[in-house]
Amino acid sequence: MNLKPLLSENQASKPLVIAGPCSVETPEQLDRTVAGLVEAGIRIIRGGVWKPRTRPGSFEGVGDIALSWIVDVKKRHDVKFAVEVASARHVEQALGHGIDVLWIGARSTVNPFTVQEIADSLKGVDIPVLVKNPVNADIGLWIGALERINKAGIERLAAIHRGFSNFNEKLYRNSPMWQIPIELKTRFPELPIINDPSHISGQRHLVPGIAQMALDLNFDGLIIESHVDPDAAWSDAAQQLTPGDLSTLLRSLHLRSGFSPNPKFASQLELLREKVDEIDRQLLETLSRRMHLVEQAGEYKKENNVAIFQLERWREIFESRPEWAKSLKLNPAFIREIFQLIHAQSIDVQERILGKKD
Ligand SMILES: O=C(O)C(=O)C[C@]1(C(=O)O)C=C[C@@H](O)C=C1
């Protein structure tokens, strides 16, 4: 991807913080919210104009009329404004009203037709665009959407991590699945990633924990929902913070940097990494020895015409290893996952042995 810095140097802060209401509701709600956010030091406001809602009958945003209120509020408070666009018409309307930043929502990112329509409408325009992750945990769709927008000539591009729908998730509204944005950063180190703790948590008391985690992982920014009267909000009431609470939250966050200027830190970390390298080598040697035994068991099963999958033995392994892990202060759930992977690999290896013609 061809990327340029998202914002000019005097607009950029690390972390970049974008905040504002889930939806623009009335001129008064917008003005009072923005006034509070400016006091909290926020210079880029977010606000939904057209809202994609899961069920019909939910509040779907006030629509085009909100854009004229945004024009007023931008002038009055000297702020930049970001809105979500989901069609070429939205893009045209937003650009026509001097919107400064566009974002593509999670429900649009999943649909290449929608993303392409937005990309085509952005040809020849220079505006920062933020692409939220798709609702489902598919990094390919996320990258595909970013590439489509980039190919249209948008170089001021960033990703927003807003979490993923998950049937089994109990704590969060959307599972963070941190490994996915980490993978994105690994593949595209120049691409800024902005975390959206509001949509991940779904409840305002969980927002600080997610925001801190994002900073601990060196994310480039945060986009947080804030409303002057959250409980009365027309959408996402449970997850919005007052501008005052947002200000307190931002002051409580610990900022981390990618490196330390302290030379002692680098040498100490280097030492620890050398030890980790050594342990990793031992882990791999041990795994290789285990696989060798599994191969022998496979040959033996083949000679005796015995099935690969041995339920009783597998059950014993699956129950005992997490127990052993506890006494070593390892997370049993983590060990369960590792052994599921090891067992799947054993089955693959033995399948190849049993499938081989003599
Ligand atoms: O014990 C066996 O029968 C094996 O082949 C080893 C092994 C394992 O990976 O530990 C592999 C497959 C079986 O389902 C159970 C266990």
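Counting starts at 1 for both ligands and their atoms, in listed order. Residue numbers start at 1 and run along the sequence shown.
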Item to complete: Would you mind telling me if ligand 1 is within reach of the side chain of Arg313, the backbone, both or neither, using heavy atoms under 4.0 Å?
Response: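 Contact part for Arg313 vs ligand 1: side chain (C-beta onward).
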
What are the atoms of ligand 1, with element, lying closer than 4.0 Å to any heavy atom of [X]?
X: Ile308; value: 12 (C), 13 (C), 14 (O)
X: Ala297; value: 5 (O)
X: Lys301; value: 2 (C), 3 (O), 4 (C), 5 (O)
X: Ile317; value: 10 (O)
X: Gln350; value: 4 (C), 5 (O)
X: Phe309; value: 14 (O)

Please determine whether a side-chain nitrogen of the Lys or Arg among [X] and [Y] lies less than 4.0 Å from a carboxylate oxygen of the Asp or Glu.
X: Glu312; Y: Arg315; result: yes
X: Asp236; Y: Lys51; result: no
X: Glu225; Y: Arg46; result: yes
X: Arg187; Y: Glu183; result: yes

Worksheet item: Among protein heavy atoms, which lies nearest atom 14 (O) of ligand 1, and at what distance?
Response: His343 NE2, 2.7 Å

Worksheet item: What is the closest protein heavy atom to atom 9 (O) of ligand 1, and at what distance does it sit?
Response: Ser346 OG, 2.8 Å

Discussion item. Please check this pair: side chain of Glu25 against backbone of Trp234, looking for a donor-acceptor N/O pair closer than 3.5 Å.
Written reply: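 Looks like yes, one N/O pair under 3.5 Å.
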
Item to complete: Can you label the angle between the Phe219 ring and the Trp178 ring as parallel, tilted or perpendicular, going by 30° and 60°?
Response: perpendicular

Fill in: Working for side chain to side chain donor-acceptor pair (under 3.5 Å), residues Arg251 and Ser247
CA-CA 6 Å; Arg251 273 183 277 116; Ser247 171; 3.1 Å; yes

Worksheet item: Under 3.5 Å, N or O to N or O, is Trp314 touching ligand 1 that way?
Response: no

Discussion item. Any atom of ligand 1 sitting under 4.0 Å from a heavy atom of Arg290?
Written reply: yes

Donor-acceptor pairs under 3.5 Å, side chain of residues 89-112 to any protein atom, not counting sequence neighbours: which ones?
from: Arg89; atom 1: NH1; to: Asp64; atom 2: OD2; distance (Å): 3.0
from: Arg89; atom 1: NH2; to: Asp64; atom 2: OD1; distance (Å): 3.0
from: His90; atom 1: ND1; to: Ala86; atom 2: N; distance (Å): 2.9
from: His97; atom 1: ND1; to: Gln93; atom 2: O; distance (Å): 2.8
from: Asp100; atom 1: OD1; to: Lys74; atom 2: NZ; distance (Å): 3.1
from: Asp100; atom 1: OD2; to: Lys74; atom 2: NZ; distance (Å): 2.6
from: Asp100; atom 1: OD2; to: Phe81; atom 2: N; distance (Å): 2.7
from: Arg107; atom 1: NH2; to: Thr54; atom 2: OG1; distance (Å): 2.6
from: Thr109; atom 1: OG1; to: Gly105; atom 2: O; distance (Å): 3.0
from: Thr109; atom 1: OG1; to: Lys132; atom 2: O; distance (Å): 2.8
from: Asn111; atom 1: OD1; to: Phe113; atom 2: N; distance (Å): 2.9
from: Asn111; atom 1: ND2; to: Thr114; atom 2: OG1; distance (Å): 3.2

